[in-house]
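If you scroll down you'll find the structure; I have some questions about it.
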Amino acid sequence: MKLNQNYDKLQENYLFATIDKKIAAHQAAHPGASLIRMGIGDVTLPLCAAVVDAMKQAVEEMARAQTFRGYGPYAGYAFLREAVGACYGERGVPVSPDEVYINDGCKSDMAGILDIFGTDNTVLIPDPVYPVYVDTNIMAGRKVLFMDAVAENKFLPLPDPAVHADIIYLCSPNNPTGAVYSKEQLAGWVAYAREHDAVILFDAAYESFVRDPALPRSIFEIPGARECAIEFCSFSKTAGFTGTRCGYTVIPQALRRGGKALGPLWLRRQSTKYNGVPYIVQRGAQAVFSPQGRAQIRQSIDFYMANAAMMAQTLKACGIWFTGGENSPYIWLRCPGGLSSWEYFDLLLEQAGVVGTAGAGFGKNGEGFLRLTAFGGRESTAEGMERITALLHRFPD
Ligand code: PLP
């Protein structure tokens, strides 16, 4: 009997464990000192009323024999698939409900989708990156190539025609850098994928934070993408579903490789390994698309984006270089004074009681950067930014 030897190749993910350890040590040394947490990527505002009401009603349905539901359809209930398709349609992106697959948050599907691809494919992943893309491929034994996301390319790597890849990960708006691809840039990726017969796995978990109407919220806004891309979306950050768990994956009917359509292949995989998202949760997710739901989630997103604007303004005033914060809840800043990610993390924690996320934890190109998130409360975000400014004045270099 052998374990999966590929797990031995995984790098220990020290990032959040290290952060927790440092916080614990700080709190032990300074009992009672207030900490401002600007590191976590979790939301803080509660579910909106439209979602809560829809879920309450669904609970009542589950309590009556006539309306009780057992196992649901593997790809999700038609009411939610139709709502997702209609929402794309309103934005001028035709997506039919049977191209939509409901998931329990897009992390599961981003990992699970790899089951339908051969393990000898070459995978192209940006660095720095959301670690799930790397680790899931290493677990499956795939060869991973990295592309540099650095200040020189504004953290938006473009295709290198000399490098061949079969699977390409793109995340826009990006976690951790907050950078957002333009339509022209994505068109470059679509052209590359078509030429190389590759498939783009497009992570749009933060699409609802895009404010600039010129910026794409979906890869399917790009002509030709339906033949070469899968899109992953989530209600987690859009509607506060991080603990409720629901999202969706879009696999266009036109996406075929090796003579096979990928959508039915994915359904075959799902019907074997997955039994769907609870009815109650899918009713809650449907309410996100109702007029009241839309207005209410807009308020929450506006709230977070007002935090981001305040953070961006402070950093500009401090002369700290950063990306993100405009069409993204993440701000990716260059550590002042040439400090390393962990040096600046420690300085902020020790001297200002502010917790960020060390950029080096997202890949080698994250060294020298720190990620801040806009998902906190208004007062704590303001306090955090005041502390960062005060610290900079105390240590100007
Ligand atoms: N993609 C990115 C870039 C993320 O940052 C996250 C969560 O933080 C996810 C996907 C997964 O989100 P969920 O599984 O909650 O939908």
Side-chain angles (χ1 to χ4, degrees), residues 13 15-16 19 37-45 47 51 76 80 84 100-114 123 125-137 149 155-157 167-181 200-210 216-219 229-250 270 274 276-278 281-282 284-285 288 297 300-301 304 308 323-325 327-332 356-357 359 361-363 366 371-376:
N13 195 347
L15 180 59
F16 289 99
I19 290 175
R37 293 173 187 262
M38 303 181 84
I40 45 154
D42 202 352
V43 292
T44 52
L45 292 174
L47 292 173
V51 167
L80 183 53
V84 171
V100 176
Y101 300 82
I102 303 304
N103 61 44
D104 63 349
C106 67
K107 184 182 193 174
S108 317
D109 274 18
M110 297 210 76
I113 198 75
L114 294 174
V123 184
I125 296 180
D127 172 353
V129 72
Y130 176 55
V132 171
Y133 314 156
V134 183
D135 288 356
T136 49
N137 277 290
F155 293 96
L156 296 168
I167 298 172
I168 301 151
Y169 284 83
L170 299 178
C171 176
S172 178
N174 190 270
N175 176 17
T177 69
V180 187
Y181 277 110
I200 296 172
L201 302 181
F202 190 76
D203 185 343
Y206 297 95
E207 55 82 23
S208 54
F209 293 86
V210 171
R217 290 173 60 179
S218 163
I219 185 93
I230 296 177
E231 179 156 291
F232 301 87
C233 276
S234 175
F235 297 102
S236 282
K237 309 297 158 74
T238 301
F241 271 57
T242 50
T244 306
R245 310 305 302 148
C246 196
Y248 48 94
T249 297
V250 178
Q270 288 295 77
Y274 185 64
V277 178
V281 172
Q282 293 194 52
V288 168
I297 64 160
S300 301
I301 292 169
Y304 294 135
T323 58
N327 294 286
S328 151
Y330 292 114
I331 287 196
W332 181 248
T357 309
F362 297 100
R371 189 191 75 174
L372 296 179
T373 84
F375 288 125

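Whatever order the structure lists them in is the order used to number ligands and atoms, beginning at 1.
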Of all the atoms in ligand 1, which lie at a distance below 4.0 Å from a heavy atom belonging to Cys171?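 It comes down to these atoms of ligand 1: 3 (C).
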Identify the protein heavy atom lying closest to atom 11 (C) of ligand 1, giving its residue, its atom name and the separation to 0.1 Å.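 Here the nearest protein heavy atom works out to Tyr130 OH, 3.3 Å.
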Show, in sequence, the C-alpha distance, side-chain angles and deciding distance for Arg245 and Ser236, and conclude whether the side-chain contact (heavy atoms from CB on, under 4.5 Å) test is met. CA-CA 7 Å; Arg245 310 305 302 148; Ser236 282; 3.5 Å; yes
Which heavy atom in Asn174 sits nearest to a heavy atom in Tyr330, and how many Å separate them? O-CD1, 3.9 Å
Option nearest atom 2 (C) of ligand 1 (shortest heavy-atom distance, choices Thr373, Ile40, Asp203):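 Comparing heavy atoms across Thr373, Ile40, Asp203, the nearest one to atom 2 (C) of ligand 1 lies in Asp203.
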Ring pair (Phe, Tyr, Trp, His ring centres under 6.0 Å) partner of Tyr248, chosen from Phe241, Tyr101, Phe235: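 Among Phe241, Tyr101, Phe235, the one meeting ring pair (Phe, Tyr, Trp, His ring centres under 6.0 Å) with Tyr248 is Phe235.
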Of all heavy-atom pairs between Thr136 and Leu114, which one has the smallest distance, and what is that distance? OG1-CD1, 3.5 Å
Proximal candidate to atom 4 (C) of ligand 1 [heavy atom criterion; set Tyr206, Tyr248, Phe235]: Tyr206
When you measure from atom 7 (C) of ligand 1 to every protein heavy atom, which one gives the shortest distance, and what is it?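 Looking only at protein heavy atoms, the one closest to atom 7 (C) of ligand 1 is Lys237 NZ, 3.4 Å.
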Grab the two heavy atoms, one from Gly39 and one from Thr357, that are nearest each other, plus how far apart they are. O-OG1, 2.9 Å
Among protein heavy atoms, which sits nearest to atom 15 (O) of ligand 1, and what does the distance come to when rounded to 0.1 Å? Ser236 OG, 2.5 Å
I need the nearest protein heavy-atom contact for atom 16 (O) of ligand 1: residue, atom name and distance, please.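 For atom 16 (O) of ligand 1, the nearest protein heavy atom is Ser234 OG, 2.6 Å.
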Report the relative orientation of the aromatic rings in Phe209 and Tyr206; use parallel for angles under 30°, tilted for 30 to 60°, perpendicular for over 60°.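 The arrangement is tilted - the two ring planes meet at 30° to 60°.
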For Arg245, which part has a heavy atom under 4.0 Å from ligand 1: side chain, backbone, both, or neither?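 Answer for Arg245: side chain.
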Under 4.0 Å from ligand 1, counting heavy atoms only, is it the side chain of Cys106, its backbone, both or neither?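 The answer is both.
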Whether the side chain of Gln282 engages the backbone of Val277 through a donor-acceptor N/O pair (distance < 3.5 Å, no angle test) should be reported.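 At least one qualifying donor-acceptor pair exists.
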Below a 4.0 angstrom heavy-atom separation, can you tell me which part of Phe241, side chain or backbone, both or neither, approaches ligand 1? neither
